[in-house]
Amino acid sequence: MGLLMEDVPEELLVDIVNRLEQTADRNSVSLACKRLCAIDGEQRHFLKVGSGLHAATEALTSLCMRFPNIKKLEIDSSGRQSNPAKQLADRGLLLLPSCCPSLTELTLSFCSSIDDAGLAFLASCPNLRSVELNFAPAITCAGILSLVVGCKNLSALHLNRCIKVSGDEWLEYLGKFGKLEDLSIKNCRGIGEDDLIELGPGWSNLKRLEVEVDACHRQSKVYERSSVDKWARHRSRFKNLRELRLVNCSVAPGRGLSCLLGGCEALERLRLDMCVGVKDTDMVALAGKSRNLRSISIGLHPQYMAPVLLTNPLRLTDESLRAIAAGCSKLEALELSFSDGEFPCLSCFSRGGLLAMIQSCPIRVLALDAACFFDDGGMEALRRAPDLQTLKLAECQGVTDVGMQLLRRFPRLTSLELRKCVGVTDLGLKPLIGSCKLESLTVQGCPRISEEGVRGAARTVSYEHDSPWIH
């Protein structure tokens, strides 16, 4: 006699449903019977609402009633920009406190019909800990203030292209009364680095900071000397910051963000991408404080490759790399990328600086993009990196088959990625074929490497021949 669905223990059905990781699988199971549908409704903790639903507010109401235990909710209205009538309205957020009492994470993307009134409804969500707003043109600083005042447990706030938001009272409030640990501000023209210092005492709680400035508006805000002095006074409060990501920022003498690099004692991950004004003394100060640094990524602005700056002290040299090598003995990941500027043959770093790092730090991941100083001699130097497991080379035109044939001598290398490396051919990868050396190999846009030439060179191979970038 067969087992009926009614005879299956509740705990077993719950376990089966929770083992299904794909949303499509859970949707299919919920159609099998009413009992599974009910269990799925109770056990669903993540919900993503896209632009495919008509009447977004009504649809969201129905979904939240079916899944009352949602903890993470993402609403993306990117496909409804041309028809605001179909977008989620303020009243759609009104239902969240009652229909989703367990909500802890909320992401709103391209919800241009949501304004300060709608955001104020979120203040009634008692468990809300993380809010991310991507392109919210109608929201102002008043809406953000109501959010941070009402959500007492808010620990993460991400603002991206919120063009009407300025940084004033809400930052000051978070600094005095908030528990913010993760702050991301990307392309919000009304918020400058002099506003960020208003966090004041709140800097002691902050563990992650991301600031990305629109490159066209890098210098849009006027600086006051008093704000720079505030940064210096709060330097001791940066000590708990573990991750720092700055993109298109001005990190120059007399600018507030320059104080960060010398005050982050707990820093583990650092990314400086297209930032201007960073100099050797900044990196030396960083290396002296951030002894726990494990990952660093530096994307250099074209100004660092200009011939007129080759003797300018306001630039980066091997002194920075050697300082990091001496001070950051836990560094495991290093990425250096150079902009495709007017001077591709010039570089502020050399092979010697890189060698100092791989000899002093347990580098496991190395990524080099358009590094003109790196060639076959650099590949020879990497043989002295006993911990290197992943190597990523992009537009490193000095590397040829000679350098590639050294890969078999890298003791722990398991992953290789080549992008737009015109000096490497099938011959360079030939020693890897059948050797079981690599777990994964990725080749993209390398015109002299064929699909046949990578077959068998690693357990997993990804190959794309497309190379429209070659002129």
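By the 4.5 Å heavy-atom criterion applied to side chains, D116 and L145 are not counted as neighbours. Using a 4.5 Å cut-off on side-chain heavy atoms (C-beta onward), T414 and L438 make no contact. Using a 4.5 Å heavy-atom threshold, the side chains of F177 and V149 count as separate. Taking 4.5 Å as the limit, every side-chain heavy atom of V251 sits out of range of all side-chain heavy atoms of V276. Looking only at side-chain heavy atoms (C-beta outward), I75 and S109 stay at 4.5 Å or farther from each other. Annotation: side chain of L157 is not in contact with side chain of R129 (no heavy-atom distance under 4.5 Å). Between S337 and I298 the shortest side-chain heavy-atom distance does not fall below 4.5 Å. The shortest side-chain heavy-atom distance between M283 and L316 falls under the 4.5 Å cut-off.
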Step by step, work out the side-chain contact (heavy atoms from CB on, under 4.5 Å) result for F46 and I70.
-> CA-CA 6 Å; F46 169 68; I70 289 295; 5.7 Å; no
Let me see the working for M404 and L418 under side-chain contact (heavy atoms from CB on, under 4.5 Å), right down to the final yes or no.
-> CA-CA 11 Å; M404 284 290 106; L418 301 175; 4.0 Å; yes
Passes side-chain contact (heavy atoms from CB on, under 4.5 Å), I363 versus V365? Steps please.
-> CA-CA 6 Å; I363 301 294; V365 179; 5.8 Å; no
Using the salt bridge (charged side-chain N to carboxylate O under 4.0 Å, His left out) rule, take E268 and K330 through it: C-alpha gap first, then chi angles, then the decisive distance, then the call.
-> CA-CA 9 Å; E268 297 178 0; K330 299 180 181 179; over 6 Å; no
Show your reasoning for whether salt bridge (charged side-chain N to carboxylate O under 4.0 Å, His left out) applies to R351 and D375.
-> CA-CA 9 Å; R351 188 197 310 166; D375 53 15; 3.1 Å; yes
For L183 and L159, what are the C-alpha separation, side-chain angles and deciding distance, and is it a side-chain contact (heavy atoms from CB on, under 4.5 Å)?
-> CA-CA 8 Å; L183 176 61; L159 305 177; 5.8 Å; no
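N134 contributes no side-chain N or O that, together with a main-chain N or O of T107, makes up a donor-acceptor pair within less than 3.5 Å. Judged by distance alone, the side chain of S360 and the main-chain N or O of M357 form no donor-acceptor pair under 3.5 Å. Not one N or O on the side chain of N160 forms a donor-acceptor pair closer than 3.5 Å with the backbone of L133. Side-chain atoms of S290 do not come within 3.5 Å of backbone N or O of N292 as any donor-acceptor pair. In this structure, the side chain of R419 does not engage the main chain of V443 through any donor-acceptor pair within 3.5 Å. With D273 contributing its side chain and L246 its backbone, the two residues share no donor-acceptor pair below 3.5 Å. Judged by distance alone, with hydrogens and angles left aside, the side-chain atoms of S155 form no donor-acceptor pair with the main-chain N or O of E181 at under 3.5 Å. Here the side chain of N240 pairs a donor or acceptor atom with the backbone of S204 at under 3.5 angstrom. Side-chain atoms of S146 come within 3.5 Å of backbone atoms of G143 as a donor-acceptor pair (strictly under, hydrogens ignored). Of the possible donor and acceptor atoms, one in the side chain of N187 sits under 3.5 Å from a partner among the backbone N and O of D214.
Residue F349 comes nearest to T317 through the heavy atom pair CE2-O, 3.2 Å, listed as atom of the first residue, atom of the second, then distance. S350 approaches F373 most closely through the heavy-atom pair C-CD1, 3.5 Å. Nearest heavy-atom pair, W203 versus L196, reported as atom, atom and distance to 0.1 Å: NE1-O, 3.4 Å. The minimum heavy-atom distance between A381 and I358, with the atom names listed, is O-CD1, 3.4 Å. Heavy-atom minimum distance, N205 versus L180: CB-O, 3.4 Å. Scanning all heavy atoms of the two residues, the minimum distance from I449 to Y463 falls at O-OH, 2.6 Å.
Here C100 contributes atom SG and L60 contributes atom CG; the two are 7.0 Å apart, rounded to the nearest 0.5 Å. Separating the OG atom in S130 from the NZ atom in K71 is a distance of 14.5 Å, to the nearest 0.5 Å. Atom CG of L103 is separated from atom CG of N69 by 11.5 Å, given to the nearest 0.5 angstrom. For the atom pair CG of L119 and CG of L147, the computed distance is 5.0 Å after rounding to the nearest 0.5 Å. Atom CD of residue E335 and atom CD1 of residue I296 lie 10.5 Å apart, to the nearest 0.5 angstrom. The distance from the CG atom of L171 to the CG atom of D195 is 7.0 Å, given to the nearest 0.5 Å.
Between the side chains of S440 and S415, a donor-acceptor pair is found at a separation under 3.5 Å. Side-chain atoms of D376 and T400 form a donor-acceptor pair, as typed in the model, at a separation below 3.5 Å.
A salt bridge does not link D369 with K392: every distance from a Lys NZ or Arg NE/NH1/NH2 to an Asp or Glu carboxylate oxygen is 4.0 Å or more. Ionic pairing of E210 and R208 is present here: one or more N-O contacts between side-chain nitrogen and carboxylate oxygen are shorter than 4.0 angstrom. Using a 4.0 Å cut-off between charged side-chain N and carboxylate O, E265 and K239 make no salt bridge. For R412 and D387, the salt-bridge test passes: some basic side-chain N is under 4.0 Å from an acidic carboxylate O.
Ring orientation note: the planes of F110 and F135 are tilted relative to one another, at an angle of 30° to 60°.
Remark: R242 CZ is loosely packed, at most 12 non-hydrogen atoms of other residues, nucleotides or ligands lying under 6.0 Å away. Within 6.0 Å of atom NZ in K437, more than 12 heavy atoms from other residues, nucleotides or ligands are found, so the atom counts as buried in its surroundings.
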